[in-house]
Amino acid sequence: MKSLGRLLVCLFLMLSAAGVAAAEPDPATAVVLVASPGFPLPDTLSVSELRRLFLGIPVYRGREVLTPLINASDKDLYQAFLQKVMFMSEANYQRQLVMRVFRRGGKRPEVFRDPRKLAQAMMVAPLNITFMTREQVKQLKNVKVVQPLW
Amino acid sequence: MSDIRVAWSRFACLIVGFIFPYLAPASPVGGELLVFPAIQAENRVNAAQRNDGGRYDSDIAADLFYSHDKGSLLSLVEFFLGQDEQELERFQLGFSVGEATQVWFGRYHSPLTDWNITYHHGRFLQPTVANPAIVDFEDGGGPLPTHLTGVMVSSEFFRGDRVYSVDAGLGLGPSLDQGTLSPLDLLRPHQGKQSLSGALRLDLESLTGEYKLGLSAGYAQIDRESPDHGRIQQSVVGAYAHWRPGRAALSSEVFAVHDRLHSNGRDRDNTFLGGYLQGIYRLGEQFSPYLRLEDTWHNHNDAYLDQLADFVDQKQVLGLRYDFIRQQALNLEYAHTHLAGEYFDDWRLQWSAVFP
């Protein structure tokens, strides 16, 4: 009975530690959703809306449709985004994007491997939206953090 | 129609498809070009009665897809270029209504079968080389319409990670010419005698691709080459299920087909069932062995199926897919097939890809 109690205490402490770690991500690697300063969105996007957005399914706010830009400038960030938001491997994600367009038309989200080009694209239209680490945000001027992702 | 006129017609369709979205007021422009090349080698053995036992065949094909949206105007053009077949596969112009509804006009893939609207000529997308017989293309011996020319309305509704979709199409379906269904060819519209056909599809799927469930129904009037040969009325109901537990993926599609053949002043009614069950298991990120079982029930003496020269009523498919480079795959596949009272075996090797 004593050992069961100890086990439960240990389990509680481990879960608490994990909870604290999850609640306070490393500021350097924390990832946020960003847009240009003119981004008109007053409310945040749900995880389902994010998935739709980055699967190429139109997501509207009012009468405006958001335009997703995929940040592939940092491989680890891109892989983490696929795992934590899309719940897919990269191969499966690419396949889902192609299948969506092949069936219903439209266009896949644009992919950026160069952070400077991504920064330029963010300035082109106020409804362009992407994800990046807080470190990347610091290096850019004129971007607006819409919401934290993890 | 001469080859030159056909070529010019294809070129004109591409141009119209490209400029149509620019007619809308200024708004974000988007266009997508996809190329699906495939090279296939096939060896058929044990087909003594069909006189093609030991036959070796090869095929090089490319499917060219282009879609373009501007504001609410939509366009989609698809050409299939094969060694024996060149076809304006899809030519759709349309507009969006509200946030998630599209209205299309032109030639499109019938929403009657999931396989048809998901893969069709995008060979890289489909897990296997051969199509299941019950949903095969018209010229592959398939008994169901896979192309319609008319109007289609598609709509999607979202609830969390669930997507509900409705697709309804009404237009000209296939005619039956020389033992094969023949859909309307937009470049040769005078060929065949196509009549009314329609299909309705309801789907529920998860955004992450873990499951998908679908129901479909269709009706087609299929005219034969001459009025003396009569007409076929076909009613279809179908169900589809896809489930991806962990590394496995299970898919099944089943149809009940009622056909009424009007000929020489009398009607002959038949109902048959057809479907497939397919299983895939992912070994790592690159290798995916698969197995598919196909069967047809109550098809003996079916007056409609007897008209189709290449309808396969039973098939077992075993294969391995190797995704060796990003968006390129190799398939090695074995199929044991029953066609026209005879069993035979096929070995297929295919390279397929999608660019860019």
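Letters A, B, ... are given to chains in the order of the sequence lines, protein chains preceding strands, and every chain is numbered from 1. Everything quoted here is computed from the prediction, not taken from an experiment.
No part of P111(B) comes within reach of chain A, as not one of its non-hydrogen atoms sits under 4.5 angstrom from that chain. No part of D323(B) comes within reach of chain A, as not one of its non-hydrogen atoms sits under 4.5 angstrom from that chain. Residue contact with chain A, scored on non-hydrogen atoms closer than 4.5 Å, is absent for R162(B). Contacts of S89(A) with chain B are made by side-chain atoms alone, with heavy-atom separations under 4.5 Å and no backbone atom involved. Contacts between M88(A) and chain B at a heavy-atom distance below 4.5 Å involve the side chain alone, from C-beta outward. Residue contact with chain A, scored on non-hydrogen atoms closer than 4.5 Å, involves the side chain of R244(B) exclusively. Proximity to chain A (any heavy atom under 4.5 Å) is shown, for E99(B), by both the backbone and the side chain. Using a 4.5 Å cut-off between heavy atoms, I57(A) touches chain B through its side chain atoms alone. For chain A, the nearby part of Q327(B) is the side chain; its heavy atoms alone come within less than 4.5 Å.
Identified by a heavy-atom distance below 4.5 Å to chain A, the contributing residues of residues 100-109 of chain B are Q102(B), W104(B), in residue-number order.
A perpendicular orientation is assigned to the rings of W115(B) and Y119(B), their planes being inclined by more than 60° (bins at 30° and 60°). Ring pair F80(B)/H121(B) is parallel by interplanar angle, where below 30° counts as parallel and above 60° as perpendicular.
Among the candidates E78(B), R326(B), R90(B), R159(B), the residue making the largest number of heavy-atom pairs closer than 4.5 Å to chain A is R90(B).
Of the residues listed (R292(B), H242(B), K212(B)), the one engaging S251(B) in a side-chain hydrogen bond (donor to acceptor under 3.5 Å, both in side chains) is H242(B), and it is the only one.
In this structure the side chain of S154(B) never reaches within 4.5 angstrom of the side chain of R103(A), judged on heavy atoms.
Between R61(A) and E64(A) there is no salt bridge, since no side-chain N of the basic residue sits under 4.0 Å from a carboxylate O of the acidic one. The pair R100(A)-E156(B) meets the salt-bridge criterion, with a side-chain N (NZ, NE, NH1 or NH2) lying under 4.0 Å from an Asp/Glu carboxylate O. Salt bridge annotation for R123(B)-D63(B): absent, with no cationic side-chain nitrogen under 4.0 angstrom from a carboxylate oxygen.
More than 12 heavy atoms of other residues, nucleotides or ligands shown are found within 6.0 angstrom of CZ on R247(B).
Heavy atoms only, all atoms of each residue included: V137(A) and V143(A) are closest at CG1-CG2, 4.0 Å. Listed here is the closest heavy atom pair of L207(B) and R51(A): CD1-CB, 3.9 Å.
In this structure, H120(B) has its ring center at least 6.0 angstrom away from the ring center of F102(A).
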